[in-house]
Amino acid sequence: MTVITRFPPSPTGKLQIGNVRTALFNYLFARHHNGQFVLRIEDTDRERSTDANIQVIFDALEWLELECDNKDDVVYQFSRRDHHAEIAQKLLDSGQAYKCYTSKEELAELRTAAEKNGEHFIFKSPWRDKDPSEAPSDSEPVVRIKAPQTGETTISDLIQGDVTVSHDTLDDFILLRSDGTPTYMLSVVVDDYDMGVTHVIRGDDHLNNAFRQQLIYKAMGWDAPYYAHVPLILGSDGKKLSKRHGAVGVAEFKEMGILPAALRNQLLRLGWSHGDDEIISDAQAIEWFDLDGVNKSPAKLDYDKLLNLNGHYIRESKTEDILPLVQQHLGEIDTDLLERALPALQERAKTINDLAKSAEFYFKTPPLIMDERAQKAIEKEYAPLVVSKAITLFEETDTLDTETAQSIIQSIMDQNDMKMSQVGPLLRAALCGTMQAPDLSVVISILGKDVCLERLRSINTN
RNA sequence: GUCCCGUUCGUCUAGGGGUCUAGGACGCCGCCCUUUCACGGCGGAAACACGGGUUCAACUCCCGUACGGGGCACCA
């Protein structure tokens, strides 16, 4: 059997981090089993589904590098509505579904009445066993499935284990609305069946739906897929993840300067683990991932850990790969200079945004604006002496690699009987305008003789 | 309310009857490295929700309680 998993987002807004995790799990599970991972756009909510939102999904998946196997043949659920309706008709024909003429309003009344009495509301349609000839001619019916009323069903969920539900908690849910459009419950089942989906890996919030959906499979005589219900991701306070917890949409993580590899790694470790491994490559993830390692309890997103992970991936990245990302933040700058500056900067950044910020000083024109600590360093009484000494020594040199830079600094210390703790901060301030920068000799060699001199001279004339 | 699911350091987790004086990671604290910020190294504080069983033995199995999450739409 070829494993086929699916990712069926609704294009109704941003792509949430929780959905991304289930997408990742589906992706990894399919790859692990040499199967397929397919995308389906669930655009049946015509009010909220927009082309822009569909693009949001494509962009997110592309950014995350979660490639689906039906890229040129993405399924749009709304386009299949006629087929869904046909299936409902079949169920009607075989007597496993019926037309119900109870109106939305009547239903709402019954529901509130039951709630008022503190009763659990299960709608029992009077039309379930009525003869079709009694149907009123002035109203359009919904089509409901005939759910079993006694007994129980057990689903062997690949994550949740055996879950049993008594049939008296199952209602005759709606298959076709009164306007003839199919409901989600019908559409997913038909689409999953037609797409050959073997494993439905989705959020925990669908566990109850699995019992309803299985009813449709059974009524059609289809084999139901395997189910795996993944616990949801909660906010740091244990409540449902929302805006106030920080970033929740994929795009927001991108904007923060998070690398997709870091996000994938973090998401993978939420509810799943492989021993004590923390840094997991894509290849290892595919090799190791399986459903039996997924926890049953919901997890909270740890932004600090994400940042730490991101720092790791930035350090590990090839400079050429992150160069364009950083450049986007800096505008029109000398790319060669940035490329030379980046390796040392990568060591200390947690996000791409931090990285860009830390590179800024390379591109400033003198006189540099000193930050508070740099200003303090530059105000030392021996500053003029050190600066003029540095100017002299820089002027005398031809090459300026890290070694000559180091020897120049050494000369300044030797000639004036000073320590590194005096010379270092001062030159750093003069050259960078900030104290947060890489090793001085590295900075000097990257800046080059001319720029160094220019910056030092601008200090002198102050 | 009702049905389903869960509960190990602050967080993500390892561990599935004895090897647990409960391991790792992030975060936090201290020290070291050091011209800054990071990185790195070393060390520290920090958890089996509670109550009953079962057992020679329970964090691990069973039952309750508490707490948390999810579902209960002509939404998906």
Side-chain angles (χ1 to χ4, degrees), chain A residues 8-10 12 42-45 47-49 77 100 102-104 107-108 111 114-115 117-123 140-144 157 159-161 163-166 168-171 173-185 187-188 203-209 211-212 229 231-232 234 236 238-240 266 269-279 295-309 311-312 315 344-350 354 358 373-374 377 409 419-429 432 434-441:
Chain A
S10 304
T12 52
E42 305 217 324
D43 54 352
T44 53
D45 184 338
E47 299 279 303
R48 298 190 297 158
S49 299
Q77 192 161 61
C100 169
T102 305
S103 73
K104 233 188 259 188
L107 216 46
R111 202 186 327 272
E115 272 167 17
N117 297 333
E119 287 165 18
H120 181 51
F121 179 70
I122 297 261
F123 175 60
E140 290 301 321
V142 298
V143 174
R144 289 180 182 274
D157 191 279
I159 292 172
Q160 303 292 332
V163 183
T164 303
V165 152
S166 168
D168 52 30
T169 65
L170 261 33
D171 61 340
F173 60 90
I174 293 173
L175 263 16
L176 241 40
R177 301 186 186 97
S178 50
D179 64 1
T181 59
T183 60
Y184 160 79
M185 216 60 82
S187 305
V188 228
D204 212 0
D205 48 343
H206 285 290
L207 181 57
N208 288 275
N209 289 337
F211 292 92
R212 299 193 167 77
H229 289 92
L232 302 176
L234 271 24
S236 47
K239 300 285 182 219
K240 204 169 182 159
Q266 163 86 149
R269 286 285 290 98
L270 242 45
W272 180 88
S273 61
H274 182 267
D276 283 339
D277 294 307
E278 296 289 346
I279 307 285
N295 287 151
K296 292 167 112 177
S297 49
K300 304 177 182 98
L301 218 202
D302 186 345
Y303 292 90
D304 281 334
K305 198 161 182 169
L306 210 209
L307 250 25
N308 175 276
L309 226 30
H312 170 84
R315 263 172 265 133
L345 261 17
Q346 281 172 244
E347 298 295 314
R348 58 209 77 216
K350 287 218 188 311
D354 288 350
S358 72
R373 287 175 59 216
I409 296 167
K419 287 179 299 201
M420 190 56 175
S421 57
Q422 297 172 289
V423 178
L426 205 155
L427 285 181
R428 177 183 301 283
C432 308
T434 171
M435 300 309 281
Q436 285 184 38
D439 186 89
L440 244 190
S441 54

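Since the structure is predicted, the reported quantities are computational estimates derived from the model, not experimental observations.
Between A:Arg348 atom CZ and A:Ser358 atom OG the span is 8.0 Å, to the nearest 0.5 Å. Between atom CD1 of residue A:Ile174 and atom CG of residue A:Leu107 there is a gap of 7.0 Å, rounded to the nearest 0.5 Å. Residue A:Arg212 holds its CZ atom at 5.5 Å from CG of A:Leu170, rounded to the nearest 0.5 Å. A:Leu345 contributes atom CG, which lies 11.0 Å from atom CD of A:Gln436 (distance to the nearest 0.5 angstrom). Taken to the nearest 0.5 Å, the OG atom of A:Ser103 stands 13.5 Å off from the CD atom of A:Glu140.
One P atom belongs to B:C42, the other to B:G24, and the distance between them is 12 Å to the nearest Å. Comparing the same atom, P, in B:U21 and in B:C3 gives a spacing of 40 Å after rounding to whole Å. A gap of 38 Å separates the P atoms of B:C63 and B:A76, to the nearest Å. B:C48 and B:G15 have their C1' atoms separated by 11 Å, with the value rounded to a whole Å. Straight-line distance between the P atoms of B:C50 and B:A58: roughly 15 Å, to the nearest whole Å. Nucleotides B:C74 and B:G16 are separated by 47 Å at their P atoms, to the nearest Å. Taking atom C1' in both B:A25 and B:U35, the straight-line distance is 32 Å, to the nearest Å.
Note: NZ (A:Lys419) to C1' (B:U34) measures 14 Å, nearest angstrom. Atom NE2 of A:His274 and atom P of B:G15 are 10 Å apart (whole Å). Between A:Arg269 atom CZ and B:C26 atom P there is a gap of 11 Å when expressed in whole angstrom units. A:Trp272 places its CH2 atom 22 Å from the P atom of B:U11, with the value rounded to the nearest Å. Here B:C12 presents its P atom at 19 Å from CG of A:Asp277, a figure rounded to the nearest Å. At whole-Å resolution of the value, CD in A:Glu278 and P in B:G24 are 12 Å apart. Computed from coordinates, the A:Leu440 CG to B:A38 C1' distance equals 15 Å when rounded to whole Å. Note: OH (A:Tyr184) to C1' (B:G71) measures 12 Å, nearest angstrom.
You'll find that the side chain of A:Val163 is closest to B:C5, out of B:C5, B:A76, B:C39. Comparing B:C12, B:U35, B:C74 by their nearest atom to the side chain of A:Lys300 picks out B:C12. The listed nucleotides are B:A76, B:U35, B:G6; the one nearest the side chain of A:Asp439 is B:U35. Considering only the side chain of A:Arg373, B:C37 comes nearest among B:C37, B:A76, B:A14. Relative to the side chain of A:Lys305, the nucleotides B:G23, B:C3, B:A25 differ in distance, and B:A25 lies closest. Comparing B:G27, B:G71, B:A76 against the side chain of A:Asn208 picks out B:G71 as the nearest. Distance from the side chain of A:Thr183 is smallest for B:A76 among the nucleotides B:A76, B:G24, B:G27. Of the candidates B:C12, B:A76, B:C74, the closest approach to any side-chain atom of A:Ile174 belongs to B:C74.
At the phosphate of B:C74, OP1 or OP2 sits under 4.0 Å from a side-chain N or O atom of A:Arg111. The phosphate of B:C37 (OP1 or OP2) has no side-chain N or O of A:Lys350 nearer than 4.0 angstrom. When the side-chain nitrogen and oxygen atoms of A:Ser421 are compared with OP1 and OP2 of B:U35, none of them lie within a distance under 4.0 Å. Taking side-chain N and O atoms only, A:Asn209 has no distance below 4.0 Å to OP1 or OP2 of B:A76.
The nearest heavy atom of RNA chain B to A:Leu107 and to A:Glu347 marks one nucleotide each, and the one closer to the 5' end goes with A:Glu347.
As judged by a 4.0 angstrom heavy-atom cut-off over every strand, A:Thr164 is placed among residues touching the sugar-phosphate backbone only. At the heavy-atom level, A:Pro8 lies nowhere under 4.0 Å from the strands shown. At the heavy-atom level, A:Leu232 lies under 4.0 Å from the strands shown only through sugar-phosphate atoms. Here A:His229 lies out of heavy-atom contact (under 4.0 Å) with every strand. As judged by a 4.0 angstrom heavy-atom cut-off over every strand, A:Ala299 is placed among residues touching the sugar-phosphate backbone only. Looking at heavy-atom distances under 4.0 Å, A:Thr434 makes no contact with the nucleic acid at all.
With hydrogens and angles disregarded, a donor-acceptor distance shorter than 3.5 Å links the side chain of A:Arg269 to the backbone of A:Asp277.
Put simply, the side chain of A:Asp205 and the base of B:G71 share no donor and acceptor less than 3.5 Å apart. A donor and an acceptor atom sit less than 3.5 Å apart, one in the side chain of A:Ser178 and one in the base of B:C74. Contact of A:Arg428 with B:U35 (side chain to base): a donor-acceptor pair of N or O atoms is detected under 3.5 Å. One cannot find a donor-acceptor pair under 3.5 Å joining the base of B:C39 and the side-chain atoms of A:Arg348.
Here B:G51 sits opposite B:C63 as a Watson-Crick or G-U wobble pair (both hydrogen-bonding atom distances under 3.5 Å).
Between A:Tyr184 and A:His206, a ring centre-to-centre spacing shorter than 6.0 Å is recorded.
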